[in-house]
Amino acid sequence: MKPDLFKAPDYYHINDLLTEEHKLIQNTAREWVKREVSPIIEDYAQKAKFPKQIISGLAEIGAFGAHIPVKYGGSGLDQISYGLIMQEIERGDSGIRSTASVQSSLVMYPIFAYGNEAQRKKYLPKLATGEWIGSFGLTEPNHGSNPGGMETNFKDKGDYYLLNGAKMWISNAPFCDVAVVWAKNEEGGIHGLLVERGMKGFSTPETHNKWSLRASATGELIFDNVRIPKENLLPNKSGLSAPLGCLDSARYGIAWGAIGAAMDCYDTALKYAKERLQFGKPIAQFQLQQKKLAEMITEITKAQLLAWRLGTLKNEDKATSAQISMAKRNNVEMAIKIAREARQILGGMGISGEYSIMRHMMNLESVVTYEGTHDIHLLITGLDITGLNAFK
Ligand code: TGC
Ligand code: FAD
């Protein structure tokens with residue numbers, strides 16, 4: 001892996017829209033990624049291992065609970081700050097951003113928003129420091145895009161709930177300390193339960209042989225007659241809108257994160273194209289390569305503006321789920337297309353682990369699928385603009 005000389009593209013001076021605090025947060029995260037992620041990430045991805053030693057550093061840059069209030073151990077930052085941290089982390093690797101997204105948006109957020117005070121005090125400080133790692137179990141073997149059909153269920157046994165079922169494709173599962181698990185009660189109502197490692201009948205086998213997000217640990221959550229203490233039910237929200245509400249927060253982070261991956265591919269391709277000589281000229285002088293680079297910077301700039309505007313709407317509590325969905329879809333597709341074009345600019349070197357592009361490209365195949373597939377997000381926009389529901 002080459003030294004990380006990343007220079008962030010900022011064609012429309014988006015930086016001028018940021019406060020001094022935003023810039024400081026962004027810069028801290030960027031320097032941390034250069035120091036702690038870039039030198040090791042290729043090796044960990046090749047070995048399909050998550051680099052656990054970076055967990056405390058992720059906590060220090062505010063990646064765990066950026067928007068959770070300080071009194072619960074979070075950083076109490078605004079939504080743009082959260083987005084910028086996700087962007088910088090994903091510039092390093094989407095798998096590392098996944099760990100941060102799950103911890104912040106899918107574990108800390110529901111405990112904060114749907115939990116009671118005792119649950120907030122018990123879990124949030126430990127999750128904020130990375131002492132505990134969380135996972136989020138919504139997807140099941142038979143229910144991915146339609147989580148409302150979930151089969152995982154719990155029965156009221158008087159003193160406790162009895163949980164049965166299985167979740168699959170769960171980020172952080174193999175080493176999580178606590179899982180936010182979505183399951184149906186006997187009446188079919190959907191609730192969140194906090195399942196802790198060590199509970200009898202709870203196991204988290206790792207999913208192997210992934211070609212994507214190799215530096216992120218993915219696994220199953222299996223519940224075989226697990227006794228859940230009654231105080232582990234999230235009391236303040238139920239129904240499918242509860243897990244989907246968490247997804248809004250995570251999808252927002254991905255809309256920013258994907259820009260980071262795209263920026264890294266663009267920056268790598270631009271540098272390479274200016275240095276690589278063929279036919280006696282830098283390949284950047286050929287029109288076909290300039291077209292690719294020009295389109296890349298245009299798409300990155302559009303995505304930056306979309307994310308920034310969405311962040312301001314979120315700060316004002318005005319962003320709709322459909323607006324968040326559009327930004328997730330657009331920015332991830334933009335990043336995948338850029339990764340593919342950037343790889344071509346590097347020719348044969350594009351497939352080598354000497355450069356980050358192929359790793360980003362493979363990672364983005366997961367990012368375009370999780371948190372709602374590209375197709376599902378098209379249909380969410382379709383429903384929003386036509387009023388006609390393609391899912392029913
Ligand atoms: P539908 O009938 O439309 O909705 C049920 C209820 O939910 C409400 N709702 C939302 N609420 C909050 N936020 C949203 N984004 C919401 N979308 C819908 C809706 O208003 C309704 O409320 P109510 O009060 O009337 O009951 O549900 P549906 O069954 O027709 O499904 C709709 C669909 C397909 C859009 C939705 O289920 C969906 O988004 N599917 C995609 C599933 C998905 O994204 N899974 C992600 C799993 S987690 C993950 O991938 C983590 S990866 C993490 C990482 O590593 O970074
Ligand atoms: P399916 O729902 O079976 O979809 C297959 C295809 O059919 C897709 O192309 C889809 O777009 C299309 N399709 C489905 N329905 C429709 C429709 N109505 N109209 C048109 N096309 C349709 N989940 C979690 O709960 N927690 C996690 O932490 C998590 N982490 C993940 C990490 C990784 C690496 C991956 C790959 C996935 C992860 N997921 C997680 C699961 C992810 O959210 C699901 O994979 C995703 O929601 C899609 O579900 P599925 O894989 O079952 O595909």
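Every value quoted in this text rests on a predicted model; they were computed, and no experiment measured them. These values consider heavy atoms only, across backbone and side chains, with no hydrogens, waters or symmetry-generated copies. First listed ligand is number 1; within each ligand, the first listed atom is number 1.
Interface atoms of ligand 1 facing T139, defined by a heavy-atom separation under 4.0 Å, are 47 (C). Using a 4.0 Å cut-off to heavy atoms of S145, the atoms of ligand 1 that qualify are 34 (C), 37 (O), 38 (C), 40 (N), 41 (C), 42 (C). Applying the 4.0 Å criterion to heavy atoms of L138 picks out, from ligand 2, the atoms 25 (O).
Ring orientation note: the planes of F223 and F202 are close to parallel, at an angle under 30° on the 30°/60° scale. Aromatic ring pairs are classed by plane angle as parallel below 30°, tilted from 30° to 60° and perpendicular above 60°; the pair F175 and F50 is parallel.
The N/O atoms of E371, backbone and side chain alike, include one that comes under 3.5 Å of an N/O atom in ligand 1. For ligand 2, the polar-atom distance check against S171 finds a nitrogen or oxygen pair separated by under 3.5 Å. Residue contacts with ligand 2: D375 is placed with a nitrogen or oxygen under 3.5 Å of a nitrogen or oxygen of the ligand (distance criterion only). Checking only distances, L247 never comes within under 3.5 Å of ligand 1, N or O to N or O.
Electrostatic pairing of K291 and E295 counts as a salt bridge here, judged by a charged N lying under 4.0 Å from a carboxylate O. Residues E371 and K328 are not paired through a salt bridge, judged by the lack of any N-O separation under 4.0 Å between the basic side chain and the carboxylate. Taking 4.0 Å as the cut-off between side-chain N and carboxylate O, D264 and R91 count as a salt-bridged pair. Taking the charged nitrogens against the carboxylate oxygens, R30 and E88 do have a contact shorter than 4.0 Å, which makes a salt bridge.
Residue nearest to atom 6 (C) of ligand 1, selected from G95, S241, G144: S241 (by heavy-atom distance). Closest heavy-atom approach to atom 16 (C) of ligand 2 within the set V107, I376, T99: this belongs to I376. Taking all heavy atoms of N142, L379, I170, V368 into account, the minimum distance to atom 19 (N) of ligand 2 is reached by L379.
Contacts with ligand 2 closer than 4.0 Å are made by no heavy atom of N172, backbone or side chain.
In this structure, atom 2 (O) of ligand 1 lies nearest to the protein heavy atom K392 NZ, 3.0 Å. Atom 45 (O) of ligand 2 has as its closest protein heavy atom T369 CG2, 3.8 Å. Of the protein's non-hydrogen atoms, the one nearest atom 13 (N) of ligand 2 is S145 OG, 4.5 Å. The protein heavy atom nearest to atom 39 (N) of ligand 2 is W169 O, 3.0 Å.
Distance check for atom 3 (O) of ligand 2: every protein heavy atom is found at 4.0 Å or beyond. Per-atom contact check: atom 6 (C) of ligand 2 does not touch the protein, criterion being a heavy-atom distance below 4.0 Å. Distance check for atom 30 (N) of ligand 2: a protein heavy atom is found below 4.0 Å. Remark: atom 43 (O) of ligand 2 lies closer than 4.0 Å to at least one protein heavy atom.
One distance of note links CD of E365 with OH of Y370; it measures 12.5 Å at 0.5 Å rounding.
Taking a 4.0 Å cut-off on heavy atoms, A250 fails to register as neighbouring ligand 1. Residue contact check for ligand 1: I380 places a non-hydrogen atom closer than 4.0 Å to it. Using a non-hydrogen distance threshold of 4.0 Å, G245 registers as a contact of ligand 1. Close to ligand 2: E371, with a non-hydrogen atom less than 4.0 angstrom away.
Residue-environment remark: CE (M326) stays at or below the threshold of 12 foreign heavy atoms within 6.0 Å.
Linking ILVMFWY side-chain heavy atoms closer than 4.5 Å, directly or via other members, places F6 and I25 in a single hydrophobic cluster.
A donor-acceptor contact shorter than 3.5 Å links the side chain of T312 to the backbone of R309.
No option in E196, E231, E117 other than E196 meets the salt bridge (charged side-chain N to carboxylate O under 4.0 Å, His left out) test with K122.
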